[in-house]
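Here is the structure we will look at.
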Amino acid sequence: MDITNPIKVIAIILIMGVVGAQNTDDIKEYGFIDIKTDSLNVPFFVDGYYVGNHPLDKPIPVIPGFHEVSYIPPDIQDEKILDNLSDGIKRVYVAENDTLDVFLFYDHYLTQVETLQQELYLQNYIGFSLFG
């Protein structure tokens with residue numbers, strides 16, 4: 001590569017400046033969610049996607065806007081469980097180029113989930129027994 005030609009040098013500088021500006025603009029298009037909880041090894045989900053277990057190494061990058069943060073796996077769709085665990089799911093707004101701290105209380109909700117699942121199992125079992 002011939003760097004003695006001033007036109008080539010200026011072109012390279014301009015190209016590098018445009019590429020650098022694009023990367024900076026891309027960074028500004030994201031926000032971050034920093035999730036914490038009161039228990040270890042809790043799985044976290046953002047918009048239904050698994051993002052890791054507590055403690056997370058770094059905040060989760062997201063597109064600015066509303067997001068659902070939870071420790072409830074997306075395969076649990078039972079309305080009774082979801083209604084009783086409203087504190088386990090938080091709908092948050094993340095601003096562009098900002099980090100939002102989200103804290104989810106987990107310890108006593110784990111026992112609630114297990115109890116509710118047992119209740120639903122018994123209700124279904126009894127319902128099927130009465131029906132049959």
Side-chain angles (χ1 to χ4, degrees):
M1 180 171 148
D2 181 22
I3 60 169
T4 57
N5 185 341
I7 295 175
K8 284 185 179 179
V9 172
I10 291 172
I12 291 171
I13 291 172
L14 288 175
I15 290 171
M16 291 176 73
V18 169
V19 169
Q22 286 177 342
N23 290 338
T24 304
D25 290 340
D26 290 345
I27 291 172
K28 289 182 184 176
E29 293 177 8
Y30 292 97
F32 298 90
I33 300 175
D34 192 12
I35 311 170
K36 305 277 190 239
T37 189
D38 56 353
S39 299
L40 290 176
N41 208 25
V42 175
F44 291 130
F45 301 89
V46 175
D47 298 329
Y49 293 100
Y50 173 77
V51 294
N53 285 11
H54 178 72
L56 296 173
D57 295 336
K58 55 188 174 184
I60 307 301
V62 294
I63 296 172
F66 286 98
H67 295 278
E68 187 175 271
V69 180
S70 75
Y71 54 74
I72 300 171
D75 59 342
I76 294 180
Q77 296 297 321
D78 191 295
E79 291 299 319
K80 184 174 181 182
I81 291 175
L82 295 176
D83 288 343
N84 287 307
L85 295 176
S86 59
D87 290 336
I89 302 171
K90 289 192 178 180
R91 186 164 168 83
V92 298
Y93 181 81
V94 180
E96 183 176 301
N97 204 24
D98 190 21
T99 301
L100 180 69
D101 293 325
V102 176
F103 191 87
L104 299 171
F105 290 98
Y106 181 78
D107 194 31
H108 68 282
Y109 291 111
L110 178 61
T111 56
Q112 269 188 317
V113 169
E114 292 169 351
T115 303
L116 288 169
Q117 285 178 331
Q118 287 175 353
E119 283 179 23
L120 288 173
Y121 175 75
L122 288 175
Q123 287 175 358
N124 290 336
Y125 181 75
I126 292 170
F128 286 128
S129 298
L130 293 175
F131 184 70

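All values reported here derive from a predicted model rather than from experimental measurement.
For Tyr30 and Phe32, the gap between ring centers reaches or exceeds 6.0 Å.
Under the 4.5 Å side-chain heavy-atom criterion for grouping Ile, Leu, Val, Met, Phe, Trp and Tyr, Phe45 is not connected to Ile35 through any hydrophobic cluster.
How far OG1 of Thr37 is from CZ of Phe105: 8.5 Å, rounded to the nearest 0.5 Å.
The salt bridge (Lys or Arg N to Asp or Glu O under 4.0 Å) test applied to Asp34 returns Lys36, not counting sequence neighbours.
A side-chain contact (heavy atoms from CB on, under 4.5 Å) with Val94 is found for exactly one of Thr99, Val46, Leu100, namely Leu100.
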Which donor-acceptor pairs under 3.5 Å do the side chains of residues 51-70 make with protein atoms, sequence neighbours left out?
{"unit_1": "Asn53", "atom_1": "OD1", "unit_2": "Tyr50", "atom_2": "OH", "d": "2.7"}
{"unit_1": "Asn53", "atom_1": "ND2", "unit_2": "Asn41", "atom_2": "OD1", "d": "2.8"}
{"unit_1": "His67", "atom_1": "ND1", "unit_2": "Asp47", "atom_2": "OD2", "d": "2.6"}
{"unit_1": "His67", "atom_1": "NE2", "unit_2": "Ile63", "atom_2": "O", "d": "2.6"}
{"unit_1": "Ser70", "atom_1": "OG", "unit_2": "Ile72", "atom_2": "N", "d": "3.4"}
{"unit_1": "Ser70", "atom_1": "OG", "unit_2": "Ile72", "atom_2": "O", "d": "3.3"}

*asked:* Applying side chain to side chain contact (heavy atoms under 4.5 Å, CB included) to Ile89 and Tyr71, what does each step give before you reach the verdict?
replied: CA-CA 7 Å; Ile89 302 171; Tyr71 54 74; over 6 Å; no
